[in-house]
2 protein chains.
Amino acid sequence: MKEKSVCNCGSCQNQLCARRVPIFSGLDPAELSRMAALITKKRYEKNELIIMEGSIPESLIIIEKGQVKVFRYTHEGKEQILYIFSEGDFFGEKNLLKRHEATYNVEAMEATHICMINKKDFQKLLIEYPEIGIKIIEELGSRMDKLESSIQSMGTKSIESRINGILLDFAAKYGRKHTKGVLVELPLSREGIANYIGTARETVSRKLGVLQDEGVIEMIGNKKILILNMRALEE
Amino acid sequence: MKEKSVCNCGSCQNQLCARRVPIFSGLDPAELSRMAALITKKRYEKNELIIMEGSIPESLIIIEKGQVKVFRYTHEGKEQILYIFSEGDFFGEKNLLKRHEATYNVEAMEATHICMINKKDFQKLLIEYPEIGIKIIEELGSRMDKLESSIQSMGTKSIESRINGILLDFAAKYGRKHTKGVLVELPLSREGIANYIGTARETVSRKLGVLQDEGVIEMIGNKKILILNMRALEE
DNA sequence: CGGGCACTTGATAGTAATCAAGTCCGGTGG
DNA sequence: CCACCGGACTTGATTACTATCAAGTGCCCG
């Protein structure tokens, strides 16, 4: 019988999953393995729906790998994207106690692995390890910051500042340094960007065109953008 | 020496304050009185600034009585109102651990009494009574719901739906039933409403005018609105 | 009664939505 | 390897909405 250097049993794999998640970062190994026992995993393919508006989610969901978009449908039937979550992010924390309907859809943007923790279990966990609650409060706080900024920039009316804002967000999350600037692999199509900032596809095209003419960015194909002048975006 | 039926010592008054606050509603009397010892009270007059953007708040603040608006300044210098808080609401929960700068201003809209709890004390409290953390997570969840709805309606572009939305919010919070419909005492001037939904004063006037012509609402002076057809606002 | 402030109303101009072609690109099949 | 097809993107023309500027009105308060 050969000894493995890395344990591959289900529990230990889950533990790896749990360890990777910021909200559990304060726990010690023993606590992590208790956690791990509560985790169920699941895998979704690209474009698969993870949560549908109106359903009643019974678990807290943590993304282990991959990327999802959270959105609602407007009255006119367009989707309004609220968040893009990736590895380490969680959702479903609303309705922790009350069995509320979800007010949003969650869809995998690529092959995505998730960890689920039953809400009852998670509640017990919160009582036992209040630090987790504090971490969650902090994370929610920073999400609210972003939402508030979005509202501010949507109130400002100028589509330009919203585009600048989203480009900066993408740069921070997906950008890589490059000799001439920051190279950003766009996670969304033009239409997706439009649905994020609440405008029309065509307008996104036009505004990006203007930014390119001004020498602020350079479009490389449809899915990459090279940001040449970061400061211009920040105003 | 006469015995009073109601104790008026500082501690007990604070306890009253604490009891009134939803996030402490799970605590028993003994716990409440421990809480009360940590509370400092303060009073602000109308238009007085409670928190200024860029300052570093050191306390969690709970409103005991009165009403405040939370807002930021846009690049053009207009204020963008994010929340209106009243009795029982709290703020300053961001930056619970990290000493971040406030990203918003808070101003009293009328004479307002607040309770402050030092952040260090509050952290200890969270560790000791994890239920408080859960309550906060829930409250933040419902605030995020509202923010998300705002984003959705701002993405929708139609000023009308934003006005309808804010009227419904006001109706829920400040409305009283009346023979013909719901009478709403507006907490904000036309300009305030405009700053809330991100539009111009004049546009608010015009749209309210249209709603009145359509028989959906009836304006009574400048500070009251009688909603005749609730369903029309909900679409 | 008069002044100031909040609100309303009107006219104009600018911006983005919408409708409508047209272009570019990747993939597929011959 | 090339030609074709479809989807995503760009570009153009028109229309609709709302911000802005500018008077004008009404109301509260001294």
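Proteins get letters first, then strands, A, B, ... in listed order; numbering begins at 1 in each.
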Exercise. Is there a residue in residues 205-216 of chain A whose heavy atoms reach under 4.0 Å of DNA chain C, and which residues are they?
Worked result: A:Arg206, A:Lys207

Exercise. Which angle, to the nearest 10 degrees, lies between the helix axes at the two ends of the helix from C:dC1-D:dG30 to C:dG30-D:dC1, each defined by five pairs?
Worked result: 30°

Exercise. Closer to the 5' end of DNA chain C via nearest nucleotide, is it A:Ile159 or A:Asn222?
Worked result: A:Ile159

Exercise. Below 4.0 angstrom, N of the basic side chain to O of the carboxylate: do B:Arg143 and B:Glu139 qualify?
Worked result: yes

Problem set entry | Passing candidate, side-chain contact (heavy atoms from CB on, under 4.5 Å) with B:Glu64, options B:Glu87, B:Lys42, B:Lys41 | B:Lys41

For this session: Respond yes when some side-chain nitrogen or oxygen of B:Thr203 is under 4.0 Å from OP1 or OP2 of D:dT18, and no when none is.
Result: no

For this session: Enter the distance from A:Ile62:CD1 to A:Phe85:CZ here, rounded to the nearest 0.5 Å.
Result: 12.5 Å

Exercise. Between B:Glu79 and B:Asn105, is a side chain to side chain contact (heavy atoms under 4.5 Å, CB included) present by the stated rule, with each step listed?
Worked result: CA-CA 10 Å; B:Glu79 36 179 81; B:Asn105 303 278; over 6 Å; no

Problem set entry | Salt-bridge criterion met for A:Glu58 and A:Arg99 (N-O under 4.0 Å) | yes

For this session: Please check if atom NZ in A:Lys65 has more than 12 non-hydrogen atoms from other residues, nucleotides or ligands closer than 6.0 Å.
Result: no

Exercise. Is there a donor and acceptor pair, one atom on the side chain of B:Glu160 and one on the base of D:dC17, closer than 3.5 Å?
Worked result: no

Seminar exercise, completed: When rounded to whole Å, the CE to P distance for the pair B:Met219 and D:dC27 reads 13 Å

For this session: Would you kindly check whether a donor in the side chain of B:Glu191 faces an acceptor in the base of C:dC5, or vice versa, at under 3.5 angstrom?
Result: no

Exercise. Of the candidate nucleotides C:dC7, C:dC19, C:dT9, which contains the atom at the shortest distance from the side chain of B:Ser189?
Worked result: C:dC7

Problem set entry | Residue-phosphate contact under 4.0 Å: B:Thr199 side-chain N/O, D:dA19 OP1/OP2 | yes

Problem set entry | Side chain of B:Arg190 - closest among D:dC9, C:dT8, C:dA17 | C:dT8

